[in-house]
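First up is the structure itself, then whatever we jot down about it.
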Amino acid sequence: MKKSFAVRSIAVSAFLAASAMSAHADLTIPFDWTQSNSVQKFPVAALQSFDLVYLQVAAKGNATSLGDVPEGLEVPNAQSYNFPVTQIVIGSKLNIAAGSAVGSALRFRVADDNGIWNGLTLANFTIDYVKKQVTADATPTTQDAAVEGAPEVVVGAAKRIAIYNFNLATPLALKYKFPLTVTGHEVLDQLKLTPEAKVAMTDGLKLPEFAVVQLDQDFGTLTQDISTNTRKPKLASNKPYIVK
């Protein structure tokens, strides 16, 4: 039996035989080898508000921009960003309690009047279905905007915070396809920044007061498409993304 077949068989069995498991502890299942992805899509209104302070968004680590830039923006930020799912957690109630995109990051940055980029990188995302929140490592940075290729300088330790509260718009429905494939589709909407995330954004990006009110808006959707088919090509890394 080939290794990939055996690994896939184990993962599928974990899904289909979850009801037979002991419910005394959570079970973490590596998922970086599967063709499973989470996509965040910002509303056009959110991107238009980014234009107010010329805020730039960039995909880092395993994350990739889908390149869907709406017309009319001053800063050509894409609406959608893909984060490969790297692990899931089966909870004590035999449900999917969490899913993570370790190694993926989004960097937000704004240039101030002194020619300095003030940035905040959100990385290593986790969807916590128990608390209905998305969490991530938040790292504030600065960078000399006048020098091309200037290094980012971390100005505060990375802190794990809750970024969004969310609504479950389309619950995850798992489907089994013969012989060894499980697929699933889910949509989370009404992504709203938590109070902690608003503080991190305001402080990290040095946002002016007129821009802070924009943090109350809807930040879009997260769509999860799960498949136990083998990911090709493999991820370059499944290690946590760290700003250096």
Side-chain angles (χ1 to χ4, degrees), residues 38-61 63 65-66 68-70 73-75 77-83 85 98-102 104-112 117-142 154-170 186-224 240-241 243:
S38 177
V39 173
Q40 180 172 3
K41 185 172 184 179
F42 291 101
V44 173
L47 300 186
Q48 290 172 335
S49 71
F50 293 172
D51 273 355
L52 296 175
V53 291
Y54 300 98
L55 184 153
Q56 294 183 355
V57 184
K60 296 291 182 179
S65 167
L66 298 189
D68 51 347
V69 180
L73 295 180
E74 292 201 44
V75 181
N77 291 315
Q79 275 192 272
S80 305
Y81 299 85
N82 184 75
F83 311 125
V85 177
S100 297
V102 177
S104 291
L106 285 182
R107 183 192 65 194
F108 300 82
R109 67 179 188 177
V110 176
D112 64 20
W117 288 111
N118 296 303
L120 183 72
T121 296
L122 302 177
N124 310 313
F125 304 96
T126 292
I127 299 174
D128 184 332
Y129 293 99
V130 177
K131 296 181 178 179
K132 289 191 174 182
Q133 290 184 323
V134 179
T135 65
D137 298 327
T139 306
T141 63
T142 61
V154 175
V155 295
K159 182 180 179 182
R160 192 74 186 176
I161 65 172
I163 307 169
Y164 300 117
N165 296 311
F166 64 79
N167 173 66
L168 182 57
T170 304
E186 171 189 72
V187 180
L188 311 179
D189 65 3
Q190 299 177 38
L191 300 182
K192 297 294 186 72
L193 290 175
T194 66
E196 192 175 18
K198 291 178 184 178
V199 171
M201 284 282 193
T202 301
D203 293 348
L205 302 177
K206 311 298 182 192
L207 294 178
E209 187 173 349
F210 73 83
V212 173
V213 295
Q214 300 296 327
L215 299 179
D216 291 330
Q217 67 182 302
D218 188 339
F219 275 72
T221 59
L222 277 169
T223 300
Q224 285 62 248
Y241 181 87
V243 181

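In this text, all values refer to a predicted model and were calculated from it rather than measured experimentally.
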TODO: Test side chain to side chain contact (heavy atoms under 4.5 Å, CB included) on Thr202 and Leu215 and set out the steps.
DONE: CA-CA 9 Å; Thr202 301; Leu215 299 179; 3.5 Å; yes
Minimum heavy-atom separation for [X] to [Y], with atom names?
X	Y	value
Ala105	Ala123	CB-CB, 3.6 Å
Ser104	Ala63	OG-N, 3.5 Å
Ala162	Ala197	O-CB, 3.8 Å
Ile161	Ala200	CD1-CB, 4.0 Å
Leu120	Pro140	CD1-N, 3.9 Å
Leu55	Val75	O-CG1, 3.4 Å

Are the side chains of [Y] and [X] in contact, using a 4.5 Å heavy-atom criterion?
X	Y	value
Val53	Phe210	yes
Leu47	Pro70	yes
Met201	Val212	no

Task: Any side-chain donor near an acceptor of the partner, Gln217 and Ser49, under 3.5 Å - done: yes
Task: Gln133 and Asn165: side chain donor to acceptor below 3.5 Å - done: yes
Can you list the residues that meet the side-chain hydrogen bond (donor to acceptor under 3.5 Å, both in side chains) rule with [X], with sequence neighbours excluded?
X	answer
Gln214	none
Asn167	Asp189
Gln79	none

Task: Passing option when Phe125 is tested against Tyr164, Phe83, Tyr241 for ring pair (Phe, Tyr, Trp, His ring centres under 6.0 Å) - done: Phe83
Spacing of [atom1] belonging to [X] relative to [atom2] belonging to [Y], to within rounding of 0.5 Å:
X	Y	atom1	atom2	value
Tyr81	Leu106	OH	CG	7.0 Å
Thr141	Arg109	OG1	CZ	8.5 Å
Asp112	Lys206	CG	NZ	9.5 Å
Thr139	Asn124	OG1	CG	8.5 Å
Leu188	Phe166	CG	CZ	5.0 Å
Leu193	Ile163	CG	CD1	8.5 Å

Open item on the list: Classify the ring geometry of Phe42 against Phe108: parallel below 30°, tilted from 30° to 60°, perpendicular beyond 60°.
Closed with: perpendicular
Open item on the list: Assess whether a salt bridge exists between Asp216 and Lys198, defined as any Lys/Arg side-chain N lying under 4.0 Å from an Asp/Glu carboxylate O.
Closed with: yes
Open item on the list: What I want to find out is whether Asp137 reaches Arg160 closely enough, with some N-O distance under 4.0 Å, to be called a salt bridge.
Closed with: yes
TODO: In sequence, state the C-alpha distance, the side-chain angles, and the governing distance for Val134 and Leu222, and then conclude on side chain to side chain contact (heavy atoms under 4.5 Å, CB included).
DONE: CA-CA 10 Å; Val134 179; Leu222 277 169; 3.7 Å; yes
- [ ] Step by step, work out the side chain to side chain contact (heavy atoms under 4.5 Å, CB included) result for Leu168 and Thr170.
- [x] CA-CA 6 Å; Leu168 182 57; Thr170 304; over 6 Å; no
Open item on the list: Could you walk me through whether Ser38 and Gln224 satisfy the side chain to side chain donor-acceptor pair (under 3.5 Å) test, starting with their C-alpha distance in whole Å, then the side-chain angles of each, then the deciding distance to 0.1 Å, before giving a yes or no?
Closed with: CA-CA 4 Å; Ser38 177; Gln224 285 62 248; 2.6 Å; yes
- [ ] List the steps and the verdict of side chain to side chain contact (heavy atoms under 4.5 Å, CB included) for Tyr54 and Glu74.
- [x] CA-CA 7 Å; Tyr54 300 98; Glu74 292 201 44; 3.3 Å; yes
Open item on the list: Between Asn118 (side chain only) and Thr142 (backbone N and O only), is there a donor and an acceptor less than 3.5 Å apart?
Closed with: no
